[in-house]
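Below is one structure, written out as C-alpha cells, with a few remarks after it.
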Amino acid sequence: MTGLFYLPALPELFIALGAMVLLMVGVFKKEKSYETVSFLSVLLLTSVLVIINLEYIPLGYAFNSSFLSDDFSNYTKSLILLSSIGIIIISSGYLKTIGIMKFEYPVLILLSVIGMMVMVSSNDIISLYLGLELQSLPLYVLASMRRESKKSTEAGLKYFVLGALSSCMLLYGLSLIYGFSGSILYSDIASFLSENNSNQGILFGLAFLTAGLAFKISVVPFHMWAPDVYEGSPTTITAFLASAPKVAAVALFTKIMVNCFPSLIDQWQLMIIFISIASMLLGSFAAIGQNNVKRLLAYSSIGHMGFVLIGLATGTISGVTGLLIYLTIYVFMVIGTFACILSLKVNGTNIESISDLSGLSKVNPMIAFVLSMFLFSLAGIPPLAGFFAKFYIFLSAIESGLYALAIIGVLASVIGAFYYLRIIKIIYFDENINVFEPITKRMKLIIYITAIPVILFFIRPSLITDIAEKAALSLF
Amino acid sequence: MENWPILSIITFTPLIGVLFILLINAEDEIGRRNIKLVAAYTTLVTFIVSLLIWINFDLTTSSFQFIEQYRWLSGSITYHMGVDGISVLFVILTTLLMPFCILASWHSIKFRIKEYMIAFLVLETLMIGVFCSLDLVLFYLFFEAGLIPMFLIIGIWGGAKRVYASFKFFLYTLTGSVLMLLAIIYMYWQSGTTNIVELFNFDFSTASQTWLWLAFFASFAVKIPMFPVHTWLPDAHVEAPTAGSVILAGVLLKMGGYGLLRFSIPIFPIASDMFSDFVLILSVIAIIYTSLIALAQEDMKKLIAYSSIAHMGFVTMGIFTFTQQGIQGGIFQMLSHGLISAALFLCVGVVYDRMHTRSINAYGGIVKNMPKYAVFFLILTMANIGLPGTSGFVGEFLTLLGVFKVNTYIAFFATTGVVLSAVYALFLYKRVFFGTLQGAETKTMNDLSYREFYLLLPLVILIIFFGIYPAVLIDVSAVSVENLINNYNNALLIKG
C-alpha cells in the first residue's frame with residue numbers, strides 16, 4: 001500500500017466535509033439558505049463526478065482493505081452522483097409548492113450519497129453495513145419531510161420500521177457469515193468458501209443477507225413497503241428513492257455475490273431467479289390497477305428491479321454488464337419521468353393521479369411527446385433506450401441458458417407495456433380537462449437532458465456499453 | 001453513384017421531412033398547408049429516389065446489392081443494409097403508397113396535422129428499414145418501432161372504438177415480437193452473429209430450428225395475420241383513418257410474409273419443411289373461414305379487412321409450397337394486394353368523407369350520381385376477386401399452381417376461396433352501387449373530385465398493367481427465389 005492510505009476514498013471524504021460545511025452555511029445564512037445550499041451541493045456533487053471520471057483519484061484499497069475503489073465502483077458512483085444532481089435540481093420548484101424549503105434537504109441527500117458511495121466501494125462486511133445505514137437514515141428523515149402531511153409521516157415511519165427490520169436481518173446474516181468463515185473481508189470469505197463449499201451456517205447467513213438486500217431494493221417478496229412509502233413521500237424524494245439508492249443497493253448486491261460467494265452460485269442463483277420472476281410479474285400485474293402516478297411508478301420500479309436482477313442471476317460478466325447498462329438507462333428514464341410529472345402543475349398543486357394527464361398532448365405537445373417517449377422506453381419498445389436495456393439483459397440470460405427466466409421476462413414486459421400504454425392513451429387520446437401551468441426553465445433543462453440519451457441511445461450504444469463492460473470486468 | 005449509401009438515403013429521407021415539419025408553425029391555415037406540402041414532397045422525393053434502386057438493380061444475381069455496413073452495437077451486430085430480388089420490390093411498394101396516404105389525408109384529417117404527418121413520415125422510415133436491413137437486431141428495431149407511430153395513428157385519428165383497437169393492435173404484435181427477440185438472441189449466441197447473410201450458411205440443429213422457427217412464426221403470423229391470431233386486424237382497420245388502413249393493408253401486413261421468406265425458410269429450412277403442412281392448413285382455414293365471415297359483414301372496411309386476411313392466406317400458402325411458382329406467386333400476391341387493398345381502402349375513404357358512415361346499408365344506388373367512382377370500384381372489385389387481366393389474378397393463379405403440385409386437397413379447398421371472394425365482393429358492390437338510393441343524403445353525394453380521381457387512377461392503371469404484363473415484377477424476384485429454393489432443397493438433402 002503506497003501513498004496516503006485514504007487517498008482512494010477522497011471523493012467520499014470530500015462530500016462528507018462539504019456536507020458539514022454546507023450545514024454551517026445553512027445555519028448562518030438566514031435568507032435564501034435553501035437556494036444557496038442546494039446550489040452549492042449541486043456544485044459539490046458535480047465536481048466530485050468530474051474528479052472521479054477524470055481519474056485524478058488513484059484506484060485501489062483504503063482503510064486497511066475495507067474500502068476498494070475500482071472501475072465498477074466508479075461507474076456506479078457516477079450514476080449515483082448523476083441521479084442525485086438531477087434530483088436536487090428538480091426539487092426546488094416542488095419544495096416551494098409544498099412549502100418545505102429547508103436547507104437540511106440537500107444536506108441529507110449529500111449524507112445519503114456518501115452512504116451509497118461507501119456501499120458500492122465496500123470491500124468487507126463492516127463497511128458494507130456502515131454504508132447501508134448511512135444511506136438509509138437520511139432517507140427516513142427525507143421521506144417524512146412533510147411533517148404536516150399524515151401520509152408523509154406514515155411513509156417515513158413505515159420506511160423506518162421496515163428498514164430497521166431489514167437491517168436486522170442483514171446484520172444477522174452478516175454475523176453468521178463472519179462467525180462461520182472467520183473473516184470480514186470479501187476475498188477471505190470467498191477463499192474460505194472455495195475450500196468448504198457446503199457450510200450450512202454460511203448458507204443460512206447468505207439467505208438472510210439476500211433478504212435484507214432485497215428489502216433495500218424492494219423486490220418481491222420484500223416489496224410491500226414500496227408503494228406506500230413512494231406515495232407518501234414528497235415526490236422528489238420518491239424520485240430519489242426510485243433511482244440512486246436502488247443503483248447503490250443493486251451494485252452492492254452484485255458486488256457481494258460475485259466477489260464473496262462465487263462458489264455458492266448454485267445456491268444464490270435460485271433465490272435470485274425466484275425474486276426476479278416474482279418481481280417482474282408482480283410489477284406488471286399490480287401496476288395495471290393503479291391510478292396514482294407515484295404508486296404506479298413504485299410498482300413499475302419493482303418490475304424493473306426484477307429485470308435488473310436477471311443480470312445478477314446469470315453471474316457472468318455479460319450479465320453484470322447488462323445489469324449496469326440497465327441501471328444507467330433506468331436512472332435516466334426514472335428521473336426524466338419524474339421531472340415530467342413534477343413539472344405539471346394544476347391550480348398551484350402538482351398532479352398526483354394519472355387521469356390528471358388527460359389531453360396533455362393538446363396543451364403542451366413537447367412535454368407530452370417526451371413523457372410518452374419515456375413511457376415507451378420504460379415499456380421497452382425500440383428504438384428507445386429501454387429496449388436496449390432489456391436487450392442486453394436478455395442477451396446475458398440466454399447466454400447462461402436461463403431460458404425460462406428470459407421467456408417469463410419478455411412476457412412480463414408485454415403485460416407491463418399495457419399500463420404504460422394506458423398512460424400514453426390518457427395523454428394522447430383523451431380530451432383535455434386541465435389547465436397546466438407553464439413549465440420552468442430548470443425543469444425543461446432536466447427533462448431534455450434526460451430525454452436526449454433515452455431517445456437517441458440507438459445511434460451510438462457503445463458510448464455507454466463499452467464503459468459498462470469495462471466496469472463489469474473489474475469486478476471479476 | 002455506386003458508392004452512395006443509397007438505401008440509407010431512402011430510409012432516412014422521410015426523417016429530413018420531419019425536421020422541416022417540426023420547424024413549421026401549425027397554428028394557422030398556411031402553416032398547416034405547408035406541413036402537408038412538405039410531407040407530400042418528402043414522400044414523392046423518397047419514391048423517386050427509390051426508383052433508382054430499381055433501375056440500377058442487377059436482375060442476374062441473387063446476392064444482396066447496394067450493401068452498406070457500419071459498426072453499431074457490438075462487434076458482430078452491425079448496421080447492415082442491402083436488398084435482393086425479394087426485398088427490393090417491397091421497398092418500392094412502401095415508397096409508392098406513402099404519397100397516396102398523405103394525399104388521402106389532405107382534407108379528411110382535421111386536427112393535429114403536424115403530429116399526423118410526422119407519424120406517417122417516421123413510419124415510412126421504419127417500414128423501409130425493415131425491408132432493407134440485413135442484420136437481425138436492426139431488423140427487429142425497425143420492425144418493432146413501427147408499433148409506436150401506428151399505435152398513435154389509430155389511437156388519435158381513429159374512429160369511435162379507437163382505443164380498444166389500438167391497444168389490441170399493439171399488444172398482439174408485441175407479444176409475437178418479443179418471442180422473436182429471444183430467438184434472435186439465442187441465434188446470436190449459437191452462431192456468434194446476427195448478420196443475415198452469414199446466418200444463411202449456418203446450420204442450426206434440428207431441435208433448435210424447431211423452437212426458433214416457432215418463435216419467428218409467432219411474430220410473423222400475428223403480423224400477416226394468420227388464423228387464429230387475425231382478430232386484431234378487422235378492429236384496427238375499421239378504427240384506423242383511411243391512410244392508416246392503406247398503410248396497414250398495403251405494407252405492414254407484408255412485413256410478415258417478407259419475414260417468412262427472409263428468415264424462416266432460408267435460416268430454418270428443416271423446421272420449415274416440418275411445419276409446411278401446418279402452415280398450409282392454417283392458410284386454407286384462413287382463406288375459407290375469413291371469406292365466409294366477410295360475407296356477413298355490414299361494415300365496408302371490415303369486409304375488406306377480412307378479405308385481406310383471406311388474400312394473405314394465399315400468400316402463406318404459396319410460400320410454403322417451396323416451389324418457384326408458389327413463392328413467386330406469393331410475392332406477387334403481396335405486391336398486388338398491397339395495391340388493390342390500398343386502392344379499396346381509399347375508395348371507402350371517399351364515401352366515408354361524404355357520409356361519415358361505413359355501413360353498407362347506408363348506401364345503395366350511388367352509381368347514379370357517382371359513375372366515375374362506380375367504375376373505379378368495379379375494376380378494384382374485379383381485381384380483388386382475381387379476374388384475369390388484373391394483378392389479382394396472377395398472384396392467386398401462381399400460388400394455386402404451386403399448391404397443386406404439392407397437395408391437391410389443399411389446392412381444392414383453396415380454390416373455393418376464389419369463388420367465395422367473388423361472392424362477397426360482388427355482393428358488396430351490388431348493395432352499395434345498385435338498387436334504389438337510400439335516404440336523402442346519398443342523393444347529394446358528388447362524384448370524385450380531381451384529387452380523388454387522380455389518387456385512384458394511377459393505382460388502377462398499375463393494377464391493370466401488372467395484370468397484363470406481370471413479368472416486370474416476376475423477373476425481379478426470379479433469381480433470388482430460385483436461389484432460395486435451391487438452398488432449401490440442398491439443406492433438406494444434407495439432412496436426408
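On a predicted model such as this, the values are computed, not experimentally measured, just so you know. To find a chain, count down the sequence lines: A is the first, B the second, and so on, and within it residues start at 1.
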Partner chain A: residue of B:A145, B:G155, B:G158, B:G146 with the largest heavy-atom pair count (under 4.5 Å): B:G155
Residue among B:F142, B:F111, B:Y186 with most heavy-atom pairs under 4.5 Å to chain A: B:Y186
Main-chain N/O of A:S361 paired to B:R112 side chain as donor or acceptor, under 3.5 Å: no
Sidechain-backbone polar pair: B:W189 side chain, A:L395 backbone, donor-acceptor under 3.5 Å: yes
Does [X] have more than 12 heavy atoms from other residues, nucleotides or ligands lying within 6.0 Å of its [atom1]?
{"X": "B:F12", "atom1": "CZ", "value": "yes"}
{"X": "A:K444", "atom1": "NZ", "value": "no"}
{"X": "B:L23", "atom1": "CG", "value": "yes"}
{"X": "A:K362", "atom1": "NZ", "value": "yes"}

Close side-chain approach of [X] to [Y], heavy-atom, < 4.5 Å:
{"X": "A:I381", "Y": "B:F151", "value": "no"}
{"X": "A:F394", "Y": "B:V178", "value": "no"}
{"X": "A:Y403", "Y": "B:W211", "value": "no"}

With a 4.5 angstrom heavy-atom cut-off, is it the side chain or the backbone of [X] that approaches chain A, or both, or neither?
{"X": "B:S166", "result": "side chain"}
{"X": "B:Q190", "result": "neither"}
{"X": "B:W72", "result": "both"}
{"X": "B:I77", "result": "side chain"}

Ring centres under 6.0 angstrom apart (B:Y79, A:F458): no
Aromatic centroids of A:F387 and B:Y140 separated by under 6.0 Å: yes
Does any backbone or side-chain atom of [X] lie under 4.5 Å from a heavy atom of chain B? Answer side chain, backbone, both or neither.
{"X": "A:Y428", "answer": "both"}
{"X": "A:I459", "answer": "backbone"}
{"X": "A:F457", "answer": "neither"}
{"X": "A:F388", "answer": "side chain"}

Approximate separation, where rounding is to 0.5 Å, of A:I424 CD1 and B:I156 CD1: 10.5 Å
CG-OG distance between B:L174 and A:S413, expressed to the nearest 0.5 angstrom: 6.0 Å
Check [X] against [Y] and note the closest heavy-atom contact, atom names and distance.
{"X": "B:L73", "Y": "A:P461", "result": "CD2-CG, 3.2 Å"}
{"X": "A:P383", "Y": "B:L141", "result": "CA-CD1, 3.8 Å"}
{"X": "A:V414", "Y": "B:L171", "result": "O-CD2, 3.8 Å"}

Residue pairs, two or more places apart or on separate chains, that pass salt bridge (Lys or Arg N to Asp or Glu O under 4.0 Å) and touch residues 131-152 of chain B: none
